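Here the structure is laid out as structure tokens; the discussion comes afterwards.
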Amino acid sequence: MLDKRFIRENPDVVKQAVRVKGLDLDVDELLQLDQDNRKLQFEVDQAQSRRKSFSKEFAKADEARRAELRAEHADFDTRLKELREQLAATSARLGELMLLTPTVPWEGAPVGPDESANTVVRAWGAPPSFDFAPLDHVDLAEKRGWAEFARARRVAGERAYVLCGDLVLLERALHSYALELLRERDFQLMAVPALVKEAPLVGTGMLPKGRAEIYEIPADDAYLAGTAEVSLVGLHSGEILDAAKLPVRYAGISPCFRREIGSASRDVRGLLRVHQFEKVEQFVVCADDQAESDRWHAELLDTAETILQALGLAYEVVECSTGDMGVGKYRMNDINTWFPSLGLYRETHSCSSMRDWQARRANVRYRTADGEVRFAYTLNNTAVATPRLLAALLENCQLADARVRVPEVLRPYLGGRDTL
RNA sequence: GGUGGAGUCGCCUAGUGGCCGAGGGCGCACGCCUCGAAAGCGUGUGAGGGGGCAACCCCUCCGUGGGUUCAAAUCCCACCUCCACCGCCA
């Protein structure tokens with residue numbers, strides 16, 4: 001969501017953002033509605049003001065005068081009611097459009113319709129070379145008795161999986177390592193709800209646009225969140241934070257649920273694209289200062305890269321194009337990790353700067369030292385999302401005999417074992 | 001699942017239809033006093049929207065949404081959250 005004043009003053013900038021992001025939003029309609037809405041608001045305010053003085057007079061009036069006033073009121077109230085209805089209609093429509101307004105992307109983002117326009121900004125590590133025929137993560141896991149797919153699907157349908165034995169421990173190890181790293185970097189560890197109400201989903205920007213992607217539980221007016229970000233933003237919804245409390249840094253861990261409705265029959269094999277997964281998410285609320293936000297963006301990226309480097313996984317950092325980054329994002333960098341079985345890099349992390357787009361929706365503000373109330377900036381990035389990263393780890397660290405070498409940083413969480 | 005109680009300006013609290021245009025206390029800020037501070041005294045103390053060149057003015061907000069009424073923090077309905085107890089349960 002954007003500042004209405006900004007839209008009024010920079011309609012062309014907003015239109016340009018709508019265009020490069022490939023969105024469907026009529027900015028002129030929005031501006032017209034905004035103008036209509038303000039006019040109506042003004043009229044309603046004035047009518048309301050008169051009505052108040054009527055009521056005061058009524059309290060002091062005698063019966064004869066009261067009858068007169070009642071008669072005058074009848075007309076007046078009809079008109080006020082009409083005005084109110086018009087105002088409700090325009091402001092509801094305006095609100096809908098406001099929820100679709102995009103963050104203006106940073107000038108460095110490649111302009112393009114989708115991920116095909118993304119560019120690689122740097123790469124780290126070399127894909128491993130094997131002197132044996134490496135297995136893909138599915139074959140490897142099944143060979144070791146570490147996963148069940150057919151049976152899992154009997155229980156939970158397509159894209160379901162069961163992790164078994166050491167793979168359960170390895171998954172935990174990845175999360176434990178990520179949480180510990182983030183704790184050392186002054187992030188507050190948070191285990192948050194995945195079962196959430198509608199409001200935080202709207203607040204984060206997952207709704208209304210992403211409705212098809214979210215599991216809904218209508219009986220309880222609830223949803224299953226696709227990321228811990230939903231709860232983390234929601235925690236501060238409606239608050240005015242003390243500037244001294246900023247930046248707020250969270251490492252949120254939660255199960256995540258995605259319907260993958262647009263991915264029918266894509267990546268149906270294995271652990272790459274599943275409906276339920278486990279993720280440690282990095283999340284920051286900071287002051288509305290672009291330079292500071294940029295620093296946090298870099299730090300969130302650095303933490304993710306530190307994790308991948310510590311795991312010894314080759315990756316590339318991608319600058320996401322305007323068409324790929326989504327409505328609310330100012331800047332987005334994906335990190336793609338090497339998957340030997342695919343022979344390519346696949347997304348394992350996604351780092352986003354939202355400016356105040358999310359904070360405006362969720363109404364997260366802060367008070368500056370001189371008492372001014374402002375919307376905060378928010379950022380987020382994956383730390384570790386499993387089982388996708390688990391699959392990468394298996395494939396990259398496999399040995400000729402189908403054992404898996406454990407990266408050193410995970411060994412403390414696996415009883416010191418160097419292979420599984 | 002059931003029963004009862006409660007949600008007011010950062011915190012506590014007053015408020016049972018018009019004197020609430022929300023009072024008081026705490027906290028906070030500024031001033032007086034003081035060598036300095038504390039205490040004391042005084043003044044101020046929310047958010048959002050709109051109008052005006054401006055000083056300033058108007059409207060909305062007492063958990064949320066409806067309703068009754070000329071008029072709602074106050075009455076009615078629904079929902080949300082919290083507290084207590086009962087039942088069930090990891």
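Keep in mind that this is a model prediction, so the values were computed, not measured. The chains referred to below are lettered A, B, ... by the order of the sequence lines, with proteins before strands, and numbering in each begins at 1.
Both distances falling under 3.5 Å, in either a Watson-Crick or a G-U wobble arrangement, occur for no nucleotide opposite B:rC20. Under the Watson-Crick or G-U wobble criterion, with both distances below 3.5 Å, B:rA90 has no partner in any strand shown. Within the shown strands, B:rG31 is the pairing partner of B:rC41 under the Watson-Crick or G-U definition, both distances less than 3.5 Å. When Watson-Crick and G-U wobble pairs are counted only if both distances are under 3.5 Å, B:rG36 pairs with no nucleotide at all. Judged by Watson-Crick or G-U wobble contacts below 3.5 Å, the nucleotide B:rA14 has no partner. Applying the Watson-Crick and G-U wobble criteria (two distances, each under 3.5 Å), B:rA71 pairs with nothing in any strand. Pair check for B:rC62 finds none; no Watson-Crick or G-U wobble contact set falls under 3.5 Å. Shown here, B:rA6 forms a base pair with B:rU81; the pair counts as Watson-Crick or G-U wobble because both key distances fall under 3.5 Å.
Across all strands shown, A:Val373 has heavy atoms under 4.0 Å from sugar-phosphate atoms exclusively, and none from any base.
Atoms CD (A:Glu239) and C1' (B:rC11) sit 15 Å apart, rounded to a whole Å. Rounded to whole angstrom, the span from the NZ atom of A:Lys52 across to the C1' atom of B:rC57 amounts to 13 Å. Rounded to a whole Å, the CE atom of A:Met1 is 12 Å from the C1' atom of B:rG48. Rounded to whole Å, the distance from CD1 on A:Ile240 to P on B:rU45 is 17 Å. One interatomic measurement links the two molecules: CZ of A:Arg50 to C1' of B:rG21, which rounds to 20 Å at whole-angstrom precision. Between the CG atom of A:Asn363 and the P atom of B:rG49 there is a distance of 10 Å, rounded to whole Å. When the C1' atom of B:rU60 is taken as reference, atom CG of A:Asn37 falls 13 Å away, rounded to whole Å. As a whole-Å value, the separation of A:Met98 CE from B:rG49 C1' is 13 Å.
Rounded to the nearest Å, the gap between the P atom of B:rG24 and that of B:rC41 is 15 Å. For the C1' atoms, the distance linking B:rC20 with B:rG15 amounts to 8 Å, nearest Å. B:rU8 and B:rC62: their P atoms are spaced 12 Å apart (whole Å). Comparing the P positions of B:rG31 and B:rG36 gives a spacing of 13 Å, expressed to the nearest Å. Spacing of C1' atoms, B:rC9 relative to B:rA47, comes out at 10 Å, to the nearest Å. For the C1' atoms, the distance from B:rA73 to B:rG7 is 12 Å, rounded to whole Å. Only the P atoms considered, B:rA6 is 14 Å distant from B:rC77, to the nearest whole Å. Taking atom P on both nucleotides, B:rC88 is separated from B:rA14 by 37 Å, rounded to a whole Å.
The pair A:Glu43-A:Lys39 meets the salt-bridge criterion, with a side-chain N (NZ, NE, NH1 or NH2) lying under 4.0 Å from an Asp/Glu carboxylate O. One finds no salt bridge joining A:Arg144 and A:Asp166 here, because no Lys/Arg side-chain nitrogen approaches an Asp/Glu carboxylate oxygen to under 4.0 Å. A:Arg411 has no carboxylate O lying under 4.0 Å from a charged side-chain N of A:Asp418, or vice versa, which leaves the two without a salt bridge. Ion pairing of A:Arg266 with A:Glu260 is absent here, as no side-chain N (NZ or NE/NH1/NH2) approaches a carboxylate O to less than 4.0 Å. The existence of a salt bridge linking A:Glu148 and A:Arg153 is excluded, since no basic side-chain nitrogen approaches an acidic carboxylate oxygen closer than 4.0 Å. Using a 4.0 Å cut-off between charged nitrogen and carboxylate oxygen, A:Glu96 and A:Arg93 count as a salt-bridge pair.
Between A:His236 and A:Phe283, the distance separating the two ring centers is not shorter than 6.0 angstrom.
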Quick one, give me the B/S/- string for nucleotides 61-74 of chain B, reading 5' to 3', where B means a protein heavy atom under 4.0 Å from the base and S means that only happens at the primed atoms, P, OP1 or OP2. ---------BS---

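The listed nucleotides are B:rG49, B:rU81, B:rU60; the one nearest the side chain of A:Lys197 is B:rU81. Of the candidate nucleotides B:rG48, B:rU60, B:rG49, B:rG49 has the atom nearest to the side chain of A:Arg5. Side chain of A:Arg8, nearest nucleotide from B:rA47, B:rG50, B:rC58: B:rG50.
The phosphate of B:rU60 (OP1 or OP2) has a side-chain N or O of A:Gln48 nearer than 4.0 angstrom.
With A:Thr348 as the partner, the side chain to side chain donor-acceptor pair (under 3.5 Å) test is satisfied by one option alone out of A:Asn336, A:Thr337, A:Thr386, A:Thr382: A:Thr337.
Position along RNA chain B of the nearest nucleotide to A:Gln46 versus A:Phe42 favours A:Phe42 as the more 5'-ward residue. Take the nearest nucleotide of RNA chain B for A:Arg367 and for A:Lys4: the residue whose nucleotide is more 5' is A:Arg367.
Using a 4.5 Å heavy-atom cutoff, the side chains of A:Asn333 and A:His297 are in contact.
With A:Tyr366 contributing its side chain and A:Ala244 its backbone, the two residues share no donor-acceptor pair below 3.5 Å.
A donor and an acceptor atom never sit less than 3.5 Å apart when one is taken from the side chain of A:Asp45 and the other from the base of B:rG51.
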